[in-house]
Amino acid sequence: MRKKEKLQSTKTEFVKAYEAQQYEDLIYQEWEKSGFFNPDNLSGHGKNFTISMPPPNATGILHVGHASALTYEDLIIRYKRLQGYQTLFLPGTDHAAIATQTKVEKILAEEGTDRHSLGRTKFLARVKKYIAQSQDTIRQQIRKIGVSCDWSRERYTFDQGLSQAVSESFIRMYNDGLIYRGNRIVNWCPRCASTLADDEVEHQEKNSKFYYLKYGPFIVATTRPETKLADTGVAVHPSDKRYQKYIGQILDIDLAGHKITVKVFANKEVDPKFGSGVVGVTPAHSSADFDFAQRHKLEFIKLINEEGKILDAGGKYKSLTVLEARKKFVKDLKAAGQIKKIEDIKNNLSLCYRCGALIEPLPSEQWFVAVDQKIPGRQKTLKQLAIEAVRNKEIKILPSRFEKIYYHWMENLHDWCISRQIWWGHRIPVWYQEDKIYVGLKPPKNKNWIQDEDTLDTWFSSSLWTFSTLGWPEKTKDLKNFHPTQVMETGYDILFFWVARMILMTEYLLGQKPFGTVYLHGMIRDKQGRKMSKSLDNGIDPLEMSNKFGTDALRLSLVIGSSPGADLRIYEEKIAGYRNFVNKLWNISRFIFSSVDEIKIIKKQPPAKTLSDQWILAEFNNLIKNVTDNLDNFKFSQAGEELYEFTWNKLADWYLEIAKIEKNKDETLLYILERLLILWHPFTPFVTEVIWRSFKAKDLLMIQSWPQARKIDSKIKKDFSELQELVIKIRNLKAENKIPPVDLPNCHLKSKILKDSELNIIAKLARVNLVDKFSEAKSFSTSYSRGWINLAKEMSQTEKEKLQKYISSLENKLNNSQFINNAPQQIIKDTQKKLKLAKNKLR
RNA sequence: GGGCGCUUGGCUCAGUUGGUUAGAGCGUCUCGUUUACACCGAGAAGGUCGGGGGUUCGACUCCCUCAGCGCCCACCA
């Protein structure tokens, strides 16, 4: 608690450069202590706004991808909080079944043991212990990013309440006939020793061998010769003349001494032109063949076991691994003269998305979610509900092209295999007693019921995340207040794994959409556009960057330049650039605070005394409007760019410089700074909160009110840009003529629209000596003004040429009768006006 | 095999429903210490907007086509 005392007693010291490390942890503590991360402590207009944090893996460490997601999420939340919403940002972690189990198994292996020798109970205890410490690391890392989430509501997918929600969902779905147990070909990862869902299998194109085998009267081409040991069928195209006579026959085939019996059948899906035009069918080890086998009533022979080894059916190849068996079988076939040829072919390998091991399709009895089954009482399937939610626009996906991808995926979704053979996960709430099955939270009291050994797919529990975290299935106040949530912010890479399944499950269980808008961010890449990976060692550690450049700079580098669905490159120079900006904001504040008589809150917009006041207030109101519009439309980058442009190029470069000359701008400066800090706060929460402390306000910046834009006079902009144009013109002339900045050449200025006081400002900014009379006729002009200056030459040659080119392009346009006849009147008028102004300039 | 995205100065990117002389940051070059900031200021150079064709009075923006890069989906053995 010493740190807090230190915070309260330390005033913000305005040293020359902002040092983020000095403030960030203390500011975060102050926010947390305030209780305003919890919506119950916020007083606003009473409307709620919720984001569920996509839960990071409980054993993970935060990488820059997390940092980017958390930044967008926190940005939205802080914006909404400033707008007066009761905002809930609910944090948590995921037990990440396979990923976690794999990690702990690795540790065990290093210790020279494994989960089987430990036993289920001890193993699970070990996993829990490991997770507890890891979760704590993540919590601290999330804080480091400045995330304003409600820690009092933190959840974990393995919490008791959430586990209850998982069982409850399973039971309801089972009772509605939406979960069933079936014997089917599943994706089996021999390394993880578990099934995987279809979308957990990754495909990778690889160069493979395509073996043409002499196979009875046929030639059969295959990339996996060893599976032919368990063929029970042969498929040909119905109209393929070569093989008509065999259709319907049952043939005994000898493959290098291994005997198989196959039934020949015709199927339209066989392409007579591919390979040999004959397909050997292995019902037990290919899902396509499995379908054939069911339709044509073929026998199933299980050849490969769960460890990827050959079973008894493989005869002399028994106990070999798949690859060993292939090698030996091919050798035997060669010796028997049964290999006609071997081609090189590009082939898709199926790999486990977690560990990269080769997937074996195996027949197995597993639990499935039936996506095409009508839901009792609703006349619709899960798939239909999930498609309609997006089609009806009740859920909007950004960027919208992902809606099409979503439909395509949903429409082609097969039943979802949800049982896993790993230990770490939610145990399936099913009990067996001899041939009976009981589905429920607890087994019946009588006799010995034994629970299903398997656990549930980790995505099953995460699909309930938006509401299981709020207390469902209990009818809690939180569930009523904060569900459905408003925004789901996550990466496009888990659109199917997670987003789609949340929609599907929430529609079924609650009859609600889990969220209104899905904002999908892109992947983070290095400067060359490569994925960050351990092997390339090109990863950017967000915490290291935060320590080096400050969290605010890191956040800016992740937001500005990003657009939804597009990958984002990140590298140190970029972050350093935003560190410079944060320092600029700091110094702007430093200047304002040191130049005003008293630092105070200005409630009403101060009256503008000069053109520059009018201009900066107009620009500022314009900024408020644009930032608000952009944030409302999820255009975070655009909002940030406009803030950046205003702060640096308008406020600092022009208005502050003029303030040094015109004086008496305390109120305007303070009025703008105060509100500018609020606008920046969602992007750069730390530095803005630090600066804010100098206002000595009662409350933290994070709960101030988002400013409202006032009406602006568009004429002001024109007058002020005339002033800017003259300053720039004179500076150019001085630079081109090698007049040192400190020299003040005589200059005479005349303007149709600028007052003498304004011309004086110009003289100071451009560093010339203003005189009334001027003999030497070295002149220059802008659209509305004229000047004479004591320089070697006037308008530079390049500038003249540029202008001449511009003038002739405008003249050509206006002389073109097609243009005069077809273009809208306004465009023609504008063009004429531009020509007149350009000619004035040249004069 | 389908589908999608990207290609704008040396680098990283903006460019809203077609209508200023195509912008920014970084980098480069020149100059510079003026009551915040050298993590700074002033100025400059640098682009036929991937190639070709079309629609239009007018195309970075719309259409077609080609090329390169990338991603997703798919049971072609």
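Just so it is clear: chains get the letters A, B, ... in the order the sequence lines come, proteins before strands, and each one is counted from 1.
The side-chain contact (heavy atoms from CB on, under 4.5 Å) check on A:Ser364 picks up A:Val186, A:Gln366, with sequence neighbours excluded. Scored by the salt bridge (Lys or Arg N to Asp or Glu O under 4.0 Å) test, A:Lys214 finds no partners at all (sequence neighbours excluded). Taking A:Phe292 as the reference, A:Phe265 meet the ring-ring contact (aromatic ring centres under 6.0 Å, His included) condition, with sequence neighbours excluded. Under the rule for a side-chain contact (heavy atoms from CB on, under 4.5 Å), the partners of A:Asn633 that lie at least two apart in sequence or sit in another chain are A:Lys635. With sequence neighbours left out, A:Asp493 forms a side-chain contact (heavy atoms from CB on, under 4.5 Å) with A:Met523. Residues satisfying the side-chain contact (heavy atoms from CB on, under 4.5 Å) test with A:Lys548, not counting sequence neighbours, are A:Glu572.
For the contact set between residues 265-276 of chain A and RNA chain B, defined by any heavy atom under 4.0 Å, the members are A:Val270, A:Asp271, A:Phe274.
Among pairs with a residue in residues 397-416 of chain A, those fulfilling side chain to side chain donor-acceptor pair (under 3.5 Å) read A:Tyr180-A:Asp415, A:His408-A:Asn412, A:Trp416-A:Asp457, at least two apart in sequence or across chains. For residues 557-568 of chain A, the set of pairs meeting the side chain to side chain donor-acceptor pair (under 3.5 Å) definition, not counting sequence neighbours, comprises A:Tyr72-A:Ser562, A:Tyr492-A:Asp567, A:Arg525-A:Asp567. Under the salt bridge (charged side-chain N to carboxylate O under 4.0 Å, His left out) criterion, no residue pair touches residues 638-647 of chain A, with sequence neighbours excluded.
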Under-3.5 Å N/O pairs linking protein and nucleotides 20-31 of chain B:
{"unit_1": "B:U20", "atom_1": "O2'", "unit_2": "A:Tyr806", "atom_2": "OH", "d": "3.1"}

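Stem analysis of RNA chain B (Watson-Crick or G-U pairs, both distances under 3.5 Å, runs of at least three) returns B:1-7 with B:67-73, B:10-13 with B:23-26, B:28-32 with B:40-44, B:50-54 with B:62-66.
B:C6 and B:A14 are spaced 15 Å apart, taking the C1' atom of each and rounding to whole Å.
Below 30°, between 30° and 60°, or above 60°: for A:Tyr18 and A:Tyr23 the angle between ring planes is below 30°, a parallel geometry.
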